[in-house]
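Here is the structure we will look at.
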Amino acid sequence: MSVLRLVSSAARRSPRSLALGRRGYAEAADKIKLSLVLPHQAIFTSTDVVQVNLSAATGDMGILANHVPSIEPLRPGLVEVIEGAGSSKKWFVSGGFATVHPNNKLTINAIEAAPLEDFSLEAVRANLQEAQKVLSGNGPEEDKAEARIEADVYESLQHALGTK
């Protein structure tokens, strides 16, 4: 008997064993266990949440229960944690990685993170202008490279504060 016929005959005999491996859509009651960790602090440790929206390098994405396992590099941007009943917490992260594990686990390892309400839009705009001055000046290339990174982060932060 060929291997293909053996597998298909086994599948017809026990359809329940194959159904266990199928993925479905997240139910409203499904939760994710979130861990948001910095080098010096754990912000969330296996906390049950409904959804996490984050700024991945490939684009913004929302993570719900039963999400396909993946690893995503993070760009500077917003991480929104929806805990349920419409309550959410917003954090600005400077970068890192998000790892979606099987069994509804999400680990976010960030370099730096701070609550969005800790930032002042006026201060961000002033710092962005300063970084842009350095970029357009005649200074050394090292200073310009550093100012480019600062400008990217401040632009992302300004955008996050605009969507508050």
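Note that these values count all heavy atoms, side chains included, but never hydrogens, waters or copies made by symmetry.
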Worksheet entry | Qualifying residue for side chain to side chain contact (heavy atoms under 4.5 Å, CB included) with Leu34, from Ile43, Val81, Thr45 | Val81
Item to complete: Would you indicate whether Gln41, at its atom CD, is surrounded by more than 12 heavy atoms from other residues, nucleotides or ligands within a distance under 6.0 Å?
Response: yes
Worksheet entry | Heavy-atom side-chain contact between Ile82 and Val49 under 4.5 Å | no
Item to complete: Only pairs at least two apart or in different chains count here, so list each salt bridge (charged side-chain N to carboxylate O under 4.0 Å, His left out) that has a residue in residues 61-81.
Response: Asp60-Arg75
Worksheet item: Once you round to the nearest 0.5 Å, how far does CZ of Phe97 lie from CD1 of Ile108?
Response: 13.0 Å
Practice prompt. Using a cut-off of 6.0 Å, state whether more than 12 heavy atoms not belonging to Gln132 lie near its atom CD.
Written response: yes
Discussion item. Given 3.5 Å as the limit, does a donor-acceptor pair link the side chain of Thr99 with the main chain of Ile71, or not?
Written reply: no
Worksheet item: How far apart are the C-alpha atoms of Val100 and Val68, what are their side-chain angles, what is the distance that settles it, and do they pass the side-chain contact (heavy atoms from CB on, under 4.5 Å) test?
Response: CA-CA 7 Å; Val100 181; Val68 64; over 6 Å; no
Item to complete: Taking the side chain as every heavy atom from C-beta outward, state whether Pro115 and Trp91 have any pair of such atoms under 4.5 Å apart.
Response: yes
Fill in: Where Ile32 and Val50 come nearest, the two heavy atoms and their spacing
CD1-O, 3.9 Å
Worksheet entry | Side chain proximity check, Asp118 to Phe92, heavy atoms < 4.5 angstrom | no
Worksheet item: Under 3.5 Å, is there a donor-acceptor pair between the side chain of Lys144 and the main chain of Gly137?
Response: yes
Worksheet item: Do other residues, nucleotides or ligands put more than 12 heavy atoms under 6.0 Å from the CD atom of Glu112?
Response: no
Discussion item. Checking Asn104 against Asp30: is there a side-chain donor and acceptor pair closer than 3.5 Å?
Written reply: no
Item to complete: Just jot down the side chain to side chain donor-acceptor pair (under 3.5 Å) partners of Ser120, sequence neighbours excluded, or say none.
Response: Glu122
Fill in: Sequence neighbours excluded, every pair satisfying salt bridge (charged side-chain N to carboxylate O under 4.0 Å, His left out) that has a member inside residues 39-51
Lys33-Asp48
